[in-house]
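A note on names: the letters A, B, ... follow the listed sequences, proteins ahead of strands, and every chain is numbered from 1.
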Number of protein chains: 2
Amino acid sequence: MGEKITSYMVAKRAGVSQSAVSRVFKPGSSVSEKTARKVRKAAEELGYRPNTLARAMASGRSRIIGLVVAYFENQFYPEAIEKLANTLQANDYHVLMFMSWDETEAPETVINDLLDYQVDGIIAASVGVTDVLTKRCEAAGIPVMLFNRHQNDDKLSAVTSDNFTGGRKLAEFLVRGGHERIAHVAGWDGASTQRDREAGFLSGLAAHGMTLFARSCGNFHRDQAQEAARVLLRAEERPDAIFVSNDHMAFAVMDVIRSEFKLRIPEDISIVGYDDVAMSEWPCFDLTTVRQPTNRMAEETVRILLQMIENEESLPCRIALDGPLVVRGSARLPVDE
Amino acid sequence: MGEKITSYMVAKRAGVSQSAVSRVFKPGSSVSEKTARKVRKAAEELGYRPNTLARAMASGRSRIIGLVVAYFENQFYPEAIEKLANTLQANDYHVLMFMSWDETEAPETVINDLLDYQVDGIIAASVGVTDVLTKRCEAAGIPVMLFNRHQNDDKLSAVTSDNFTGGRKLAEFLVRGGHERIAHVAGWDGASTQRDREAGFLSGLAAHGMTLFARSCGNFHRDQAQEAARVLLRAEERPDAIFVSNDHMAFAVMDVIRSEFKLRIPEDISIVGYDDVAMSEWPCFDLTTVRQPTNRMAEETVRILLQMIENEESLPCRIALDGPLVVRGSARLPVDE
DNA sequence: TCATTTTTTGCATGCGCAGTCAAAATGTCA
DNA sequence: TGACATTTTGACTGCGCATGCAAAAAATGA
């Protein structure tokens, strides 16, 4: 038991050379149908499967993609990762997970691990993707894709949803709903998603001659979002609508509104979020939000990454996919229609 | 840029042999402090890092653990995976993710992928871990750990929480709360967690001369759990308490109770769950449940797995960790204390 | 100081496969 | 049938490192 079947063994049994075996298992190689059959038969009988690691060694391609993630707290990430992993698997790649858990120590450690494993490419879905990562990977010639974020550096490819437009849609929606004191619970300002969503939202307000009534920061964390909500609600004059930068924080805000302030949603105050994670649809939240097209984002991310891997000199590209406004019950509806 | 630094280069620069370099980077090898310093200096200057894949080839150990997961829908799994990944990383192992997404096709495909990558060990956290997986891995000599499940086969190591006792605690608690018509929304009967929790629960009821008032199956899926809840609530006589097999389904049940039947929790009906995922603490759920000690489960899982990897012939072992009852507001409290 | 033990070192080999190259087999056309 | 183009094949080498082994160096003891 447990003895390794190598391509040599298969070769011997099939009465061919090891190279022949190798070729049979490498799509697109030149082998006659006759030897292919012999080899496949022998392989079958022996239970042979090519050793991926040896392949990686010899060919210089590991077919491993490093996936860097920070926190699963926000349901959006598990959902996205699941889709990324599936899409990669469908393309014969696999995901090596790197949790950059300790934000301080992580960058260096994670990057080293990543490079040590000779990953063919990297998908960064973590919030705190530092320049260090991207710099060193570039130096090592490893393509990097940013998922759900982008950086100023335009040599970096990134896939996001169209956060600006999404923010704008939300603003439009709230304005049309007749809200007059519209506040914002922001995420971490260092994140492009935050900046884009807020910018879009503000531009949407501005288009109707409005400005933000109040702003408070939740840094994408549940507890901080709750605190941010408390600040807004304790104010002399309360907002009548809040745009929370992502659904995950929106749930926190809703909890504070209902449990602590005993207010009703949307009668007393409207809430809108961003992401449309699975939970947003649950009756207890019923959250109006903008959907991130996770499936397409994952597909595009993988497509571009694989392209960069195969085609050394493909140009960096940034994609922002449109996501629809999903109207549910957490915000007062526009009356005029 | 991008040129590979090999141990040979470091060796040449340091004026030693390649073996020396290799030894310096392998803990526990015999090297003099002097050469170690020379090598480290040269390595530093060249930016050398050992190639993990080559290492794996040469040593036969990939330091990769295959993690098989099925669905992230249930928040418990992302939480667990995060902890498993972190614990493994802390031990210099990494996680290769295998999503067994298509339940029908998956087994064979996933197993093959797993074996092809020469993983050193496997953690199965998926619901549908078939015998096929465990059989083939055993044949290939790869240790397998079952996480949050066990199988009858006692050659398999498994880490779970003590589901029987947990179920029993919940029964005790509901009985002491004066409930008289206690129902159960079950998960998938094929899962050991389901069977153990239910058995414990029933034994707890029996200890007080009670039996289950009604039972309905949700198969661990949200929509089926909702349907199961509807069945229970549409009955002529409604239960006054429901034990739902995991928190994820409990949320679904709560939603149905409140949104569709306009009942109050816990005034009209008590709900208890199992897992204590992060969301259970949220005010909108405030779910009484049994905590799965995820951290310790992850630690034990990794500990045992690494032990099995290093020690060929370590005996299989099954661990069931105790988890506390977490009393919150979703179930009527016992009055007698 | 020399003989003996212990530690350190380098050499050589192999992990399992991919890919290069030249030789062999097959096919084509006149 | 022979001369040539085309496809298929096998020998060989290398990917980057770990490791057994024997030689060299250092440490120890008398």
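Ranked by how close their nearest DNA chain C nucleotide is to the 5' end, Glu33(B) and Met57(B) are led by Glu33(B).
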(message) Assess the residue pair Thr35(A) and Arg23(A) against the criterion (side-chain contact (heavy atoms from CB on, under 4.5 Å)); give the C-alpha distance rounded to whole Å, side-chain angles, the decisive distance to 0.1 Å, and a yes or no.
(response) CA-CA 10 Å; Thr35(A) 38; Arg23(A) 287 193 187 100; over 6 Å; no
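Contact check for Pro78(B) versus Phe76(B): no side-chain heavy atoms found under the 4.5 Å cut-off.
Boundaries of the chain B contact region on DNA chain C are dT8(C) to dG16(C), first to last in 5' to 3' order (nucleotide atom under 4.0 Å from a heavy atom).
Note on Ser29(B): nothing from the nucleic acid sits closer than 4.0 angstrom, heavy atoms only. Across all strands, Ser30(A) comes closer than 4.0 Å to base atoms (heavy-atom distances). Thr6(B) comes within 4.0 angstrom of sugar-phosphate atoms only, judged by non-hydrogen atoms across all strands, and of no base.
Computed from coordinates, the Asn51(A) CG to dC15(D) P distance equals 18 Å when rounded to whole Å. One interatomic measurement links the two molecules: NZ of Lys12(B) to P of dG16(D), which rounds to 14 Å at whole-angstrom precision.
A side-chain donor-acceptor contact under 3.5 Å links Arg149(A) to the backbone of Ala125(A). Here the side chain of Arg63(A) pairs a donor or acceptor atom with the backbone of Asn91(A) at under 3.5 angstrom.
Ring-plane geometry between His94(B) and Phe98(A) is classed as tilted, the angle between the planes lying from 30 to 60 degrees on a 0 to 90 degree scale.
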(request) Any chance you could list the contact pattern along nucleotides 18-28 of chain D? Use B for base contacts, S for sugar-phosphate-only contacts and - for none, protein heavy atoms under 4.0 Å, 5' to 3'. (result) BBBB-------
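In terms of phosphate contacts, Ser7(B) brings a side-chain nitrogen or oxygen within less than 4.0 Å of OP1 or OP2 of dC17(D).
The CD1 atom of Ile65(A) sits 4.0 Å away from atom CD1 of Ile309(A), with the distance rounded to the nearest 0.5 Å.
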